[in-house]
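Notes follow once the structure below has been shown.
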Amino acid sequence: LVYLIDAAEDTINETYTTLRSELEDYNPELANRPSLIVLNKKDIWEDESMFSTPPVDLGYPYVGISALTDSNLTPLKFKIWDLLQECEEE
């Protein structure tokens with residue numbers, strides 16, 4: 001599963017918690033699958049250090065990207081590939 005979260009908001013943790021809760025309510029089995037958190041809109045942050053150190057401990061790997069500037073999309077593709085490989089092993 002890939003959680004795409006708007007990093008322009010100050011509610012990254014709350015957004016993730018809401019998404020996770022809704023997914024668990026919908027299908028608990030899905031909530032137990034390997035996951036990746038994608039923080040979009042990296043381009044608007046003056047201090048991009050939040051993308052090298054998680055802003056909050058969400059409990060899953062994450063990557064910061066900018067869809068607008070194509071920043072970090074290649075690492076995102078590799079992380080998604082790794083996630084797919086992990087799913088195949090299960």
Would you say the side chain of I37 lies within less than 4.5 Å of the side chain of Y16, judging by non-hydrogen atoms? yes
With sequence neighbours left out, the residues meeting side chain to side chain contact (heavy atoms under 4.5 Å, CB included) with E24 are R20, A31
| message | Check for me, please, whether L73 and F78 land in the same ILVMFWY cluster - side-chain distances under 4.5 Å, paths through other members count. | response | no
Review point. Are the side chain of T11 and the backbone N or O of E14 linked by a donor-acceptor pair below 3.5 Å?
Key: no
message: I'd like to know if the side chain of N40 reaches the main chain of A67, judged simply by a donor and an acceptor atom lying under 3.5 Å from each other, with no hydrogens or angles considered.
response: yes
Given the options L1, L83, L23, L30, S35 meets side chain to side chain contact (heavy atoms under 4.5 Å, CB included) only with L1
Separation between OG (S66) and NZ (K41), nearest 0.5 Å, reads 10.0 Å
Item to complete: Tell me whether L39 is reachable from L68 by hopping between hydrophobic residues (I, L, V, M, F, W, Y) whose side-chain heavy atoms are closer than 4.5 Å.
Response: no
Checklist entry - Under 6.0 Å from the CG atom of N27, do we count more than 12 heavy atoms belonging to anything else shown? => result yes
In this structure, CD1 of I65 is separated from CG of D43 (nearest 0.5 Å) by 9.5 Å
Item to complete: State, yes or no, whether a side-chain contact exists between I5 and Y62 at a heavy-atom distance under 4.5 Å.
Response: no
With heavy-atom distances below 4.5 Å as the criterion, would you say the side chains of L76 and L36 are in contact?
yes
Taking side chain as C-beta onward, heavy atoms only, is D6 less than 4.5 Å from T15?
-> no
Value for CG (D25) from CD (E22), rounded to nearest 0.5 Å, stands at 7.5 Å
Quick one: do I80 and V38 end up in the same hydrophobic cluster if we chain Ile, Leu, Val, Met, Phe, Trp and Tyr together by side-chain heavy atoms under 4.5 Å apart? yes
Legend entry - Any donor-acceptor N/O pair, S21 side chain to T17 backbone, under 3.5 Å: no
